[in-house]
Amino acid sequence: MSRLIVISNRVSVPKAAGAAGAQGGLAVALNSALREHRGIWFGWSGQETAEFTGHLDMQRNDDVTTATIDLEPQDIDEYYNGYANRTLWPLFHYRIDLTEYDRNFGEGYERVNERFADSVLPLIEPEDLVWVHDYHLLPLGSILRGKGVKNRMGLFLHTPWPPTRLLASLPFHERLVASMLEYDVIGFQTTEWLESFMHYVQKEMGLKVNLDNSIDYKGRRVVARAFPIGIDYAEFTQAAASDEAGAAYKALKSSVRGRKILIGVDRLDYSKGLGERFEGFARFLSDHPDQAGDAVLLQIAPPSRGDVASYQQIREDLERKTGHINGAHADVNFVPIRYVNRGYPRAQLAGYYRAADIGLVTPLRDGMNLVAKEYVAAQDPEDPGVLILSQFAGAALQLKDALLVNPHSSEHLAETIKRALDMPLEERKRRHSKLLASVREEDVIHWREQFVRALAGKDRNRDAGKEGAAGDLSHDEAA
Ligand SMILES: O=P(O)(O)OC[C@H]1O[C@H](O[C@H]2O[C@H](CO)[C@@H](O)[C@H](O)[C@H]2O)[C@H](O)[C@@H](O)[C@@H]1O
Ligand SMILES: O=c1ccn([C@@H]2O[C@H](COP(=O)(O)OP(=O)(O)O)[C@@H](O)[C@H]2O)c(=O)[nH]1
């Protein structure tokens with residue numbers, strides 16, 4: 001088995017994982033994938049240093065070797081807070097109103113990608129498979145090729161890929177996409193994002209997409225496919241069975257005194273649709289005064305990317321909105337929205353998920369959304385809660401037995417909350433067993449195996465026409 005060199009913006013040391021609580025889905029997924037492979041996980045330490053030195057901090061924990069570098073403040077500003085999270089993140093989540101273009105961000109992004117390439121280069125051996133993650137590092141493969149790396153290299157994008165007309169608003173978009181075509185494999189979460197990418201390369205670059213999902217570019221062949229990420233089902237269900245989960249379950253249940261519980265768990269990010277969710281819940285409270293005192297929404301929202309103005313803004317907006325809704329609907333011994341700005345370890349989350357009658361996962365746009373899958377995995381199959389899921393989350397393409405909603409419509413959200421609260425046990429069980437089968441089978445191990453197999457070049461030509469393959473598309477007409 002070839003060694004894996006995994007490269008992502010952030011590296012999370014496994015010992016700390018779970019305890020920190022505020023980590024996103026990427027860290028959760030990669031920790032578990034790396035435990036299975038010999039190899040190295042390389043990226044930014046999350047720390048800053050006065051001046052960039054390129055010093056590699058190597059550590060081995062829990063069978064995962066990590067190699068991290070510190071970045072200097074200008075790098076963090078221009079690359080992470082700048083081009084990654086003020087330009088690409090909003091654009092990739094269809095928010096061109098929030099997308100900022102600044103020449104310095106672009107330069108910082110390229111400089112940090114160069115720094116990543118120079119630092120990881122000595123760690124790459126000839127037979128290694130190189131697996132790069134996410135929008136922070138789109139040009140890394142092309143920079144490594146320029147430095148002589150001949151290894152098989154793949155990119156997996158954890159976010160959506162935007163429609164061509166939106167992407168065309170990004171200065172130098174052609175150069176960015178052309179750099180991605182230096183990878184051997186490009187993976188997306190869903191066929192929807194894959195179709196948008198294929199549309200771009202055909203319409204903007206005039207390239208032909210072959211029937212086996214490949215694109216021929218400058219004498220090389222690149223395969224693009226959908227690989228929907230999953231949760232570490234075995235690890236998660238073990239955490240869900242722990243004493244910590246049991247204690248969290250009991251504490252939450254007893255605190256609501258017999259009321260129904262709705263739960264949301266999201267990084268504090270405008271893409272997660274928290275404001276719209278609160279509006280939908282408020283509408284439910286107004287439309288159903290008879291049930292209004294019987295339901296509590298617990299929203300866990302650890303702060304994220306707090307140096308970026310749009311994240312400061314969403315935090316302020318949500319504080320105002322929560323205060324307003326609670327002011328209008330609270331009683332002396334009852335507050336309808338419990339809004340908590342901190343992260344929790346996953347075992348504790350598992351207990352909260354299980355205690356909740358409804359999982360409210362309503363992003364306006366999301367690459368996948370692992371919280372939706374964790375909510376399903378945490379339920380009691382004999383008395384499961386109901387998952388309400390945004391039609392715009394990548395997860396909606398797999399979790400079709402959830403109650404799918406349009407998160408922009410407070411009316412639709414309110415009606416769906418009512419429907420979920422009134423849903424008979426038999427229907428809850430029927431829906432849950434189908435959701436559970438998908439979450440259990442399409443787990444993170446399946447995701448990793450599928451991607452690594454494609455990266456190793458073992459399934460070329462094999463997947464045309466399968467679910468998730470570009471063979472699903474009409475190549476000239478994909479939108
Ligand atoms: O590292 P941060 O800036 O704190 O952000 C956390 C992660 O957020 C994003 O997660 C995405 O990956 C998930 C797993 O594939 C997916 O379920 C979710 O829909 C995505 O939003 C981001 O893409 C990661 O790079 C960040 O680490
Ligand atoms: O307090 C928290 C909030 C979230 N998470 C984890 O962070 C991940 C969020 O992943 P998701 O794909 O839903 O969204 P992302 O944050 O990556 O956009 C999930 O595994 C959550 O269990 C956590 O451990 N503690």
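Counting convention: from 1, in listed order, for ligands and their atoms alike. Since the model is a prediction, treat every value here as computed from it, not as a measurement.
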Would you say ligand 1 has an N or O under 3.5 Å from any N or O of [X]?
{"X": "I229", "result": "no"}
{"X": "H158", "result": "yes"}
{"X": "S304", "result": "no"}
{"X": "G367", "result": "yes"}
{"X": "Q189", "result": "yes"}
{"X": "T159", "result": "no"}
{"X": "W89", "result": "no"}

Is the shortest distance from a Lys or Arg side-chain nitrogen in [X] or [Y] to a carboxylate oxygen in the other one below 4.0 Å?
{"X": "R315", "Y": "E319", "answer": "yes"}
{"X": "R320", "Y": "D317", "answer": "yes"}
{"X": "R111", "Y": "E107", "answer": "no"}

Sub-4.5 Å side-chain heavy-atom contact between L194 and F227: no
Note, H93 side chain near T159 side chain (heavy atom, < 4.5 Å): yes
Ligand-residue contact atoms, ligand 2 with [X], heavy atoms, under 4.0 Å:
{"X": "V265", "result": "3 (C), 4 (C)"}
{"X": "V371", "result": "13 (O)"}
{"X": "Y344", "result": "1 (O), 2 (C), 23 (C), 24 (O), 25 (N)"}
{"X": "R267", "result": "15 (P), 16 (O), 18 (O)"}
{"X": "G343", "result": "1 (O)"}

With rounding to the nearest 0.5 angstrom, report the [atom1] to [atom2] distance, [X] to [Y].
{"X": "D70", "Y": "T53", "atom1": "CG", "atom2": "OG1", "value": "6.5 Å"}
{"X": "R3", "Y": "L129", "atom1": "CZ", "atom2": "CG", "value": "10.5 Å"}
{"X": "L274", "Y": "Q299", "atom1": "CG", "atom2": "CD", "value": "4.5 Å"}

Ligand 2 versus D266: contacting region, heavy-atom distance under 4.0 Å: neither
Part of M368 within contact of ligand 2 (heavy atoms, under 4.0 Å):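 No part of M368 comes within reach of ligand 2.
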D243, CG: over 12 other non-hydrogen atoms inside 6.0 angstrom: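 No, because the 6.0 Å sphere around CG of D243 holds 12 heavy atoms or fewer from other groups.
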Geometric class of the F156/F451 ring pair [parallel <30°, tilted 30-60°, perpendicular >60°]: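 F451 vs F156 ring planes: perpendicular.
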Centroid separation Y200 to H173 less than 6.0 Å: yes
Between F392 and Y94, ring centroids under 6.0 Å: no
Taking 4.0 angstrom as the limit and counting only heavy atoms of [X], give me the atoms of ligand 1 inside it, by number and element.
{"X": "Y135", "result": "23 (O)"}
{"X": "Y80", "result": "2 (P), 3 (O), 4 (O)"}
{"X": "H136", "result": "25 (O)"}

Winner among R267, H93, R305 once heavy atoms are compared against atom 26 (C) of ligand 1: R305
For atom 15 (P) of ligand 2, the option (of K272, K373, R342) bearing the nearest heavy atom: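 Among K272, K373, R342, the closest heavy atom to atom 15 (P) of ligand 2 belongs to K272.
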Structural part of D134 in contact with ligand 1, heavy atom criterion under 4.0 angstrom: side chain
Within 45° cone and under 6.0 Å: R342 NZ/CZ vs Y344 ring: yes
Nitrogen or oxygen atoms of P345 and ligand 2 under 3.5 Å apart: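 No, no N or O pair falls under 3.5 Å.
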Nitrogen or oxygen atoms of L349 and ligand 2 under 3.5 Å apart: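 No, there is no polar N/O contact under 3.5 Å.
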